[in-house]
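For reference, the structure is listed below as structure tokens.
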There are 2 protein chains.
Amino acid sequence: MKQKITIKTIAKELGVSTSTVSKALKDSHEISKETKDKIQAYANLYNYKPNSLALQLRNQKTKVIGVILPKIVHHFFSTVIMGIEEGAIEKGYHIMVCFSNESYAKEVETLKVLSNGSVDGLIVSIANETLKNKDYKHFTDLVSEEIPLVLFDRVVDDILCDKVVVDDVGAGYKATKHLLDNGRKKIALITTPKHVNVGTLRRQGYEKALIEEYIKTNNNLIIEIDENLDVRKQIEPVFNLDIDGVFAVNEIYAANAIRIAKEKGLKVPEDFSVIGFTDGLISEYSSPSITTIAQHGFTMGKQSVELLIERIEKESEVYSPKKIVISSDLKLRESTKPSS
Amino acid sequence: MKQKITIKTIAKELGVSTSTVSKALKDSHEISKETKDKIQAYANLYNYKPNSLALQLRNQKTKVIGVILPKIVHHFFSTVIMGIEEGAIEKGYHIMVCFSNESYAKEVETLKVLSNGSVDGLIVSIANETLKNKDYKHFTDLVSEEIPLVLFDRVVDDILCDKVVVDDVGAGYKATKHLLDNGRKKIALITTPKHVNVGTLRRQGYEKALIEEYIKTNNNLIIEIDENLDVRKQIEPVFNLDIDGVFAVNEIYAANAIRIAKEKGLKVPEDFSVIGFTDGLISEYSSPSITTIAQHGFTMGKQSVELLIERIEKESEVYSPKKIVISSDLKLRESTKPSS
DNA sequence: CTGTTAGCGCGTTCAC
DNA sequence: GTGAACGCGCTAACAG
């Protein structure tokens with residue numbers, strides 16, 4: 001890389017001191033108009049840009065927010081990133097994005113590296129494997145170092161920090177209720193393994209809605225998908241049971257369910273209803289398009305940064321972790337009939 | 001944030017000098033075993049982590065790569081990010097992700113901020129608006145500052161730097177040829193405005209394939225989508241013309257085409273063929289699923305970082321811009337019949 | 001008005 | 001074997 005121009009070179013070139021240059025560039029009133037003009041002209045000419053590293057070191061802040069996501073191919077996480085980025089830029093921050101790829105080891109490593117001072121704070125959604133291990137030491141360490149941390153979507157109570165989540169129980173309830181309103185009684189649930197708490201919460205909502213209708217939960221109708229195996233093959237068997245609807249906790253599962261239903265000759269939504277979660281492009285372009293619970297990823301992302309930045313900038317105050325709950329909405333499409 | 005422990009505090013605490021500590025932590029042979037042990041033990045105990053900012057300032061390198069994308073909701077860009085991140089991590093780098101949101105002004109701004117020394121190099125896919133303006137000064141400035149830059153996918157010749165692209169002409173040809181092999185003769189092209197060069201290149205491939213079959217290009221069959229307007233409404237009219245197939249330059253356009261075709265009562269793929277571009281989830285889950293040209297976003301991302309890092313680390317060598325062309329593959333699905 | 005000094009945290013000479 | 005001094009680029013406090 002070409003030698004960058006610094007305050008020092010300007011100072012030497014113009015025969016003044018570095019601090020004069022520094023002040024002149026900030027239009028300080030301490031400096032005479034003519035020297036200011038001279039210095040500013042020179043700086044412009046040679047396209048001087050202050051070295052942000054030096055500033056960061058000096059100010060002890062980077063204006064960078066670290067973001068660690070499990071993966072990005074879920075449309076949901078893409079929208080969250082957009083939200084985070086937008087909120088960050090608005091407040092003069094930038095984001096550094098990393099992926100844990102659902103791996104515990106990589107999460108630990110990434111957390112360690114980013115907390116070396118390269119970021120002012122972190123926004124994280126916890127990796128599956130970590131959730132499974134229940135080992136949160138890397139997070140609690142962070143908290144005790146008092147590095148601002150916001151957890152979103154996949155959060156756990158063991159970590160004392162700010163959180164942004166959707167009302168998963170309520171959302172699961174809403175989804176199931178909608179199917180019940182469609183006249184469905186035998187509703188399968190396609191969800192994640194138990195250690196992924198969002199799945200568990202949505203399941204609670206599902207059960208709650210059933211109970212209200214005096215329907216007993218049938219565990220055979222609940223499929224916990226292992227993402228390491230073929231998703232479709234795991235869903236298929238439930239279609240051999242007597243079911244008339246499916247609630248899937250994400251859009252991939254929902255899309256698979258629709259495919260299978262159609263192959264089995266079931267007419268959606270006339271004979272069979274499907275509802276998904278996360279309002280992504282798959283739901284929109286599947287046919288029939290899929291009714292879903294919209295998770296508002298963009299909003300979650302934006303709220304997360306705003307919370308984080310507030311924490312970063314007002315570190316003086318007493319720390320009492322906040323939890324923001326984002327409400328979810330039913331996005332009605334073709335895979336279910338409107339509630340009667 | 002809690003006061004971080006530094007080399008200095010360790011030195012003071014243990015009654016040695018900072019340089020002794022520095023050397024001890026690097027296991028230098030200049031230091032006696034016992035002082036090393038003492039210092040290392042202390043450092044571990046208090047969880048000492050070298051301040052990366054200070055290191056960056058000292059080494060004049062950040063080990064961070066800036067990435068600027070037009071947007072992320074396209075599955076293609078998500079996969080590119082994954083590829084970039086994986087390649088970066090492997091080489092000990094991190095990525096800083098920003099979005100231009102297709103806006104010229106934001107691209108300029110972001111480029112300026114990131115080139116302040118916060119990154120060692122940049123990977124960019126140019127914003128639509130910039131492509132339209134044809135104003136690349138912010139990029140050429142970067143080049144003349146000798147900041148390593150890799151452009152991918154949406155690139156222009158005016159900028160002298162490394163590039164990674166797919167063989168768009170070849171891909172357009174391949175796609176069109178496949179439809180012709182399906183027995184289609186009246187193929188509509190749904191593409192981007194002319195200023196988006198990838199669209200133009202794919203169009204060239206389309207025309208080339210037609211010419212080979214002695215079919216004259218009919219401009220009425222070529223739709224240039226303005227993304228600011230409703231996509232579907234712009235596609236619909238072409239279905240009133242006499243067509244038997246569609247080549248769409250991305251999967252959203254393809255999914256829309258399929259929907260419209262089905263609504264018009266056309267049977268896909270029996271009566272009508274559709275081929276898309278970018279192998280994303282929509283193509284996979286649409287019904288019928290969509291045959292596409294797979295763009296290999298992950299590979300593009302990974303090759304881009306690798307190229308960039310090579311450039312960053314061997315800056316001594318003479319600079320002769322490289323251009324890597326990634327070949328694309330036909331991904332056969334239900335929306336077309338196998339080539340006969 | 002302008003310059004000197006010191007320090008952010010670290011590593012690297014070069015003395016001792 | 002250990003430490004003092006310097007520099008990375010910048011700014012704030014203090015002198016002049």
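Proteins come first, then strands; the chains are lettered A, B, ... in the order of their sequence lines, and each starts at number 1.
- In this structure, A:I7 reaches the sugar-phosphate backbone alone: every heavy-atom distance under 4.0 Å involves primed, P, OP1 or OP2 atoms, never a base.
- For the residue pair A:N101/B:E86, the side-chain donor-acceptor check at 3.5 Å is not satisfied.
- A:T130 and A:E107 are linked by a side-chain donor-acceptor pair at a separation below 3.5 angstrom, with hydrogens and angles left out of the test.
- The CG atom of A:D27 sits 15 Å away from the C1' atom of C:dC1 (whole-angstrom rounding).
- Comparing C:dG3, D:dG9, C:dG11 by their nearest atom to the side chain of B:S22 picks out C:dG11.
- Distances from the side chain of B:I31 to the nucleotides C:dG11, D:dT2, D:dT11 place D:dT2 closest.
- For the residue pair A:S19 and A:S22, no side-chain donor N or O sits within less than 3.5 Å of a side-chain acceptor on the partner.
- Atom CD in A:Q60 sits about 10 Å away from atom C1' in C:dG7, given to the nearest Å.
- For D:dG1, the OP1/OP2 oxygens have no side-chain nitrogen or oxygen of B:K33 closer than 4.0 Å.
- Rounded to whole Å, the distance from CG on B:D120 to P on D:dC8 is 18 Å.
- A:T6 comes within 4.0 angstrom of the backbone, heavy atoms only, and of no base.
- If you find the closest nucleotide of DNA chain C to B:P50 and to B:E30, the one lying nearer the 5' end belongs to B:P50.
- Between A:T20 and C:dT2, a side-chain N or O to OP1/OP2 separation shorter than 4.0 Å is absent.
- B:D153 and B:S125 form no side-chain donor-acceptor contact under 3.5 Å, judged by distance and modelled atom types alone.
- Here the straight-line distance linking atom SG of A:C161 with atom CZ of A:F139 works out to 8.5 Å at 0.5 Å rounding.
- At C:dG11, none of the side-chain N or O atoms of B:S19 fall inside 4.0 Å of OP1 or OP2 (strictly under the cut-off).
- A distance of 11.0 Å separates CD of B:Q303 from CZ of B:F298, quoted to the nearest 0.5 Å.
- Under 4.0 angstrom from either OP1 or OP2 of C:dC10 there lies no side-chain N or O belonging to B:K26.
- One N or O donor and one acceptor, one from the side chain of A:R58 and one from the base of D:dC10, sit under 3.5 Å apart.
- Within the 4.0 angstrom heavy-atom criterion, only backbone atoms of the sugar-phosphate kind lie near A:T35; the bases stay farther away.
- The residue A:S32 sits close only to the backbone: its heavy atoms come under 4.0 Å of sugar-phosphate atoms, none of a base.
- Within 3.5 Å, a donor on the side chain of A:K23 pairs with an acceptor on the base of C:dG3, or the reverse.
- Atom CD of B:Q56 is separated from atom P of D:dG9 by 14 Å (rounded to the nearest Å).
- Of the candidates D:dC8, D:dT2, C:dC10, the closest approach to any side-chain atom of B:L55 belongs to C:dC10.
- Nucleotide C:dC8 holds its C1' atom 13 Å from the NZ atom of A:K61, rounded to whole Å.
- Within the 4.0 Å cut-off from OP1 or OP2 of C:dG9, not a single side-chain nitrogen or oxygen of B:Y48 is found.
- Separating the NZ atom of B:K12 from the C1' atom of C:dG9 is a distance of 13 Å, rounded to the nearest angstrom.
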